[in-house]
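The structure under discussion appears below in the form of structure tokens.
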Amino acid sequence: LHIDFAKHGWRASNQRDEFPQMIRWLSRQEKIASFETHQKQSQSREKTILKPFRSSHRVHDNEEEKDLVKALPRSAKNPCGRFDTVIAIVKDEAESTGVAGTRIGRVRVIFTLPKQLETSLGRRPAPTNWPQGPLAYIEWYSKLDAIAEVKHGMMYRLKKVSTTTDQTRVQGAVLPLSNIRQSCMLFPVFPEDVPIQWTPANVLDHATSFLLNNWLSKYSYQTIW
């Protein structure tokens with residue numbers, strides 16, 4: 001095995017000062033193998049997380065309600081997928097109510113990091129500093145204004161944001177799943193001529209401006225202000 005890697009690495013170099021090139025080639029092969037393993041594991045299962053609200057007063061008939069947050073990939077049965085919108089904690093000032101210290105985003109992936117990595121040199125334990133619990137990749141909407149809009153029933157307006165001028169790369173972050181405080185509902189700010197292709201399943205993909213619905217439920221009214 002060692003001889004094979006030495007041969008392949010040498011052939012991948014330009015045969016001049018070959019040792020640094022061989023080491024770099026081997027490192028890249030390990031990273032490729034690790035990424036391919038991660039892809040296979042991610043594609044083999046869909047993540048659905050039931051996450052209870054951490055709110056003692058949200059009780060009906062002496063039973064605690066649970067909030068369902070989903071991130072389901074596109075499929076033949078569900079061509080638009082399902083990627084729920086949430087209120088996530090991003091600063092220490094965040095509390096169980098209000099929007100201070102939080103940000104609105106759309107959950108794209110819910111996942112956990114593997115305990116072991118399959119590499120070209122065999123199975124290796126994952127780094128000890130990797131997070132152990134479930135994680136979520138969240139794409140952010142614009143930050144909320146200090147005050148909600150009175151003309152829209154005290155609802156906050158937000159927009160899609162990106163890190164590039166052509167909007168091909170959106171702002172996002174990987175957070176512990178426990179940082180998701182609650183799910184939320186967004187509905188689009190409709191233009192005068194509503195595009196015919198907009199549907200309930202794809203409107204979050206096509207629209208660019210939204211209102212945060214704090215009238216969705218009693219709990220939303222109590223916590224989104």
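Note that these values count all heavy atoms, side chains included, but never hydrogens, waters or copies made by symmetry. Just so we're clear, the structure is a prediction, and the values are computed from it rather than from any experiment.
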Between [atom1] of [X] and [atom2] of [Y], what distance do you get to the nearest 0.5 Å?
X	Y	atom1	atom2	result
N214	Y219	CG	OH	14.0 Å
H206	K160	NE2	NZ	8.0 Å
M154	I147	CE	CD1	7.5 Å
L175	R103	CG	CZ	10.5 Å

Give me the ring orientation class for Y141 and F210: parallel if the planes are under 30° apart, tilted from 30 to 60°, perpendicular past 60°.
-> perpendicular

Quick one: does NZ or CZ of R108 land under 6.0 Å from the six-membered ring centre of F83, within 45 degrees of the ring axis?
-> yes

Nearest heavy atoms of [X] and [Y], plus distance in Å:
X	Y	answer
A207	P188	CB-CB, 3.8 Å
P114	A126	O-CB, 3.3 Å
G105	W140	CA-CE3, 3.9 Å
A136	V107	CB-CG1, 4.5 Å
P176	L135	CA-CD2, 3.9 Å
S96	T223	O-CG2, 3.8 Å

Do N78 and S75 have side-chain atoms, one donor and one acceptor, less than 3.5 Å apart?
-> no

Does one side chain, of D67 or S183, offer a donor that lies under 3.5 Å from an acceptor on the other?
-> yes

Grouping ILVMFWY residues whenever side-chain heavy atoms fall under 4.5 Å, the cluster of Y221 otherwise contains M155, F187, V189, L211, W215

Any non-hydrogen side-chain atom of [X] less than 4.5 Å from a side-chain atom of [Y]?
X	Y	result
V90	T102	no
K159	S209	yes
N213	C184	no
R124	Q116	no
P191	W198	yes
I138	R106	no

Quick one: do I87 and I89 end up in the same hydrophobic cluster if we chain Ile, Leu, Val, Met, Phe, Trp and Tyr together by side-chain heavy atoms under 4.5 Å apart?
-> no

Consider only side-chain heavy atoms of I, L, V, M, F, W and Y, link residues closer than 4.5 Å, and tell whether M185 and I180 are in one cluster.
-> no

Quick check: does any side chain N or O of E139 sit under 3.5 Å from a backbone N or O of Y137, one acting as donor and the other as acceptor?
-> no

List the steps and the verdict of side-chain contact (heavy atoms from CB on, under 4.5 Å) for Q182 and I224.
-> CA-CA 10 Å; Q182 66 192 88; I224 302 175; 4.1 Å; yes

Only pairs at least two apart or in different chains count here, so list each salt bridge (Lys or Arg N to Asp or Glu O under 4.0 Å) that has a residue in residues 80-98.
-> R82-D84

When V86, L177, T85 are each screened for side-chain contact (heavy atoms from CB on, under 4.5 Å) with V69, the one that passes is V86

